[in-house]
Amino acid sequence: MTEEYRRLFGTAEGIRIFRAPGRVNLIGEHTDYNLGFVLPMALQLATFIATAPAHDGKLRIFSEHKRQLREWSAAEIANSQPAGDWTDYPVGVARELAHAGFAIEPANLLIRSTVPEGSGLSSSAALEVSCALALLQGRAIDRRALAQLCQRAEHRFVGIPSGIMDQYVSLFGHQNSAIELDCRSLDHRLVRLPEGIALLAINTMVKHALAGSAYRQRVEECAQASRLLGVESLRDVSPEQLAARADSLPEVIRRRARHVVSENQRVHGFVEACERNDPEAMGKLLVESHRSLQLDYEVSCAELDYLVERALAAEGVFGARMTGGGFGGCVVTLLRADALPEFSQRIAGEYRQRFGVVPQVYTCRPSAGAEEVNNFEIIPAAA
Ligand code: GLA
């Protein structure tokens, strides 16, 4: 990366490299903006940013993936307007940092990422968090506050009212555990996965155009459910309370609420199953989560449903579900570790036959949260 940096910007003097991971969410989907529970795991797939000071007052950013170089005046970047492209992430973060009192210093940035875009593995949060660290240049900031700052960038500048899960896990990921996060208190605990199992993310390679607007609509439907039930958020509703009040809700709103309320329960159930080494029970909860997202929350799609059905028919699989916001992206599959090589080949072949695209598959291994790196090797993206 240093060589590439030198080639682009002429010098690599004072270079520093920061990394922020993507994530796979094991269970707890569309619960974060309802202040509920999630169980994501930071991945070895990550966004890396190399940065060094510039001496002409500019902030220059090169995206290797987009093959685009953009520049701003560092002193004026906080007054920028959204451009509707990838630069909204770094600029949104720069604006929030400036508002929080961290002046943006002139610098040249090179972005390289192994997190597949639009895959539901949180390439956006990896980009936001890595940019934040690169722009901070080692200035101290509380990690929780930084997760919230990146989330604000997404709300105010990118225009997606996302929850806190992705930014949080990118900052608090752990090298051998998933993290169970309470999205209200913003406390988490580490959850170690049983031995002998593997997690595979299979990418549908599609992201339907609906994704952004449907996400906003779901956030609004949940807010409506909370208003009608007289609670601050759906986090405050038990399955029994919801059942007792179900008739007072419009049909669609009732189903949305039922997903969120039951999904919070499934997160606890999954963590307990994990702790007693019970992959069968974990797998069952994954499937229930998928059904709920498919039928009650209506954020799945034909490609995701196909992968889940094929996974469930395969030898050694405990369970599978869509992961992330939905309408494309990945299915996460829990299976016996020894079944992994044959399974990943087989499912890739079946998907290609059905949809004419070769799906990427990623073996999910946990990684630490965002940090400065010096000597590192990029882990190949494909499993
Ligand atoms: C996207 C959002 C997250 C979360 C998930 C759904 O990834 O960024 O905040 O809401 O969708 O669980």
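Atoms considered below: every heavy atom in the structure, side chains included; atoms not considered: hydrogens, waters and symmetry mates. Each ligand, and each atom within it, is numbered from 1 in the order the structure gives. In this text, all values refer to a predicted model and were calculated from it rather than measured experimentally.
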**OP:** Indicate yes or no: does an N/O atom of Thr31 lie under 3.5 Å from an N/O atom of ligand 1?
**Re:** no
When only distance counts, is Asp166 in polar contact with ligand 1, meaning an N/O pair under 3.5 Å? yes
For ligand 1, which atoms sit closer than 4.0 Å to a heavy atom of [X]?
X      : answer
Gly163 : 9 (O)
Gly325 : 11 (O)
Met165 : 4 (C), 5 (C), 12 (O)
Tyr215 : 1 (C), 2 (C), 3 (C), 4 (C), 9 (O), 10 (O), 11 (O)
Tyr33  : 10 (O)

Of Met322, Arg23, Glu29, the residue with the heavy atom nearest atom 12 (O) of ligand 1 is Glu29
Worksheet item: Can you check whether Val358's main-chain N or O pairs, donor with acceptor, with Arg352's side chain at less than 3.5 Å?
Response: no
Between [X] and [Y] (judged by ring centroids, cut-off 6.0 Å), do the two rings come close enough to count as a pair?
X      : Y      : answer
Phe37  : Phe270 : no
Tyr306 : Phe355 : yes
Phe327 : His208 : no

Distance col, row Ser292:OG vs Arg256:CZ, nearest 0.5 angstrom, shows 10.5 Å
Tested for side-chain hydrogen bond (donor to acceptor under 3.5 Å, both in side chains) against Asp182, the lone hit among Arg235, Arg189, His188 is Arg235
Only one of Arg255, Arg291, Arg258 passes side-chain hydrogen bond (donor to acceptor under 3.5 Å, both in side chains) with Asp296, and that residue is Arg258
Nearest non-hydrogen protein atom to atom 3 (C) of ligand 1, with distance, is Asp32 OD2, 3.3 Å
